[in-house]
Amino acid sequence: MVIVYKSNTGFTKEYAEMLSKAEKLKLYELDQAQEKLGLEDEVLFMGPLMAGHIQGIDQAVKHFTVKAACGVGMTPPGSQALSTLSKANYVPNAPIFYLQGGYAPKKVGWLKRRMVNMATRSDREALQDKGSRRTPEEQAQLDMYLKGGSFVAYQNLDTIRKWLREQG
Ligand SMILES: Cc1cc2nc3c(=O)[nH]c(=O)nc-3n(C[C@H](O)[C@H](O)[C@H](O)COP(=O)(O)O)c2cc1C
């Protein structure tokens with residue numbers, strides 16, 4: 001198994017590098033992988049979420065044998081994020097994982113920033129309305145929506161690492 005990833009603002013790259021180091025798996029960026037790997041290669045694909053879609057997943061499925069896919073987004077992890085993800089990204093016979101990356105508004109163009117602002121508006125407003133009743137986690141999420149921030153953490157990789165080890 002090798003890891004292939006795509007990343008726009010660096011969060012997925014960080015996770016992919018951490019995972020590659022931890023599990024001693026080779027790591028390729030998607031464009032580079034297309035030159036070096038083929039359909040016979042088994043791949044764990046990691047890509048950023050954009051409007052619910054894992055970017056690069058279609059290319060990966062076309063060119064490699066995708067054994068698992070992982071979407072990296074900005075919403076908090078949990079069953080809701082995962083079920084939305086699984087509905088929008090079907091990969092034949094492969095599990096789908098979700099990791100919370102972060103948001104880097106300064107690294108994305110104005111149009112995409114506007115898209116994010118619109119898509120997160122109700123979430124943001126709900127968090128803002130809570131005022132001082134916000135938990136520390138909710139405060140961190142709100143700060144990320146407003147100013148950007150990262151939730152990348154090594155321990156978030158536990159579920160994927162467990163799955164990788166089960167593959168032998
Ligand atoms: C236009 C746009 C759409 C996005 N859509 C989603 C989304 O549907 N769900 C989500 O959780 N995050 C979404 N995000 C947030 C990114 O997935 C998040 O910032 C991710 O960590 C980026 O990974 P990268 O740094 O590897 O590119 C979106 C970001 C942009 C700019």
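Atoms within each ligand, like the ligands themselves, are counted from 1 in listed order.
When hydrogens are left out, the protein atom nearest atom 27 (O) of ligand 1 is Asn8 N, 2.7 Å; that is the closest non-hydrogen contact. Residue, atom and distance of the protein heavy atom nearest to atom 14 (N) of ligand 1 are Leu49 O, 3.3 Å. Protein heavy atom nearest atom 19 (O) of ligand 1, with residue, atom name and distance: Gly102 O, 2.5 Å. With hydrogens left out, the protein atom closest to atom 5 (N) of ligand 1 is Ala51 N, 3.0 Å, a heavy atom. Looking only at protein heavy atoms, the nearest one to atom 8 (O) of ligand 1 is Gly52 N, 2.8 Å. Of all protein heavy atoms, the one closest to atom 30 (C) of ligand 1 is Val116 CG2, 3.4 Å. The protein atom (non-hydrogen) at minimum distance from atom 25 (O) of ligand 1 is Thr9 OG1, 2.4 Å.
Note: an N/O pair closer than 3.5 Å links Thr12 and ligand 1 by distance alone. Note: no N/O pair closer than 3.5 Å links Lys13 and ligand 1 by distance alone. When only interatomic distances are considered, the shortest N/O to N/O separation between Phe11 and ligand 1 falls below 3.5 Å. For ligand 1, none of its N or O atoms has an N or O atom of Gly101 under 3.5 Å away. Considering both main-chain and side-chain atoms, Pro48 never comes within under 3.5 Å of ligand 1 through any nitrogen or oxygen pair.
Of the charged side-chain nitrogens involved, none lies within less than 4.0 Å of a carboxylate oxygen, so that Lys21 and Glu17 do not count as a salt-bridged pair. For the pair Glu29 and Lys6, the salt-bridge criterion is not met [side-chain N within less than 4.0 Å of a carboxylate O].
By the 6.0 Å contact criterion, CG on Asn93 is open, its count of non-hydrogen atoms from other residues, nucleotides or ligands being 12 or less. Counting heavy-atom neighbours within 6.0 Å of Gln139 CD, excluding the residue itself, gives a total above 12. The number of heavy atoms from other shown groups lying within 6.0 Å of CZ (Arg114) does not exceed 12.
Comparing Met74, Met50, Arg113 against atom 3 (C) of ligand 1, the shortest heavy-atom distance belongs to Met50.
Interface of Val72 with ligand 1, defined as ligand atoms under 4.0 Å from a residue heavy atom, comprises 17 (O), 20 (C), 21 (O).
One N or O on the side chain of Thr135 and one on the backbone of Glu138 form a donor-acceptor pair closer than 3.5 Å. In this structure a side-chain-to-backbone donor-acceptor pair under 3.5 Å is missing from Asp41 to Leu37.
In this model, no donor atom of one side chain and acceptor atom of the other lie less than 3.5 Å apart for Gln100 and Asn156.
Under the 4.5 Å side-chain criterion, counting only non-hydrogen atoms from C-beta, Lys112 is not in contact with Val116.
Heavy atoms of Tyr98 come nearer than 4.0 angstrom to ligand 1 in at least one pair.
Taken from NZ in Lys147 to CG in Asp143, the straight-line distance is 4.0 Å, to the nearest 0.5 Å.
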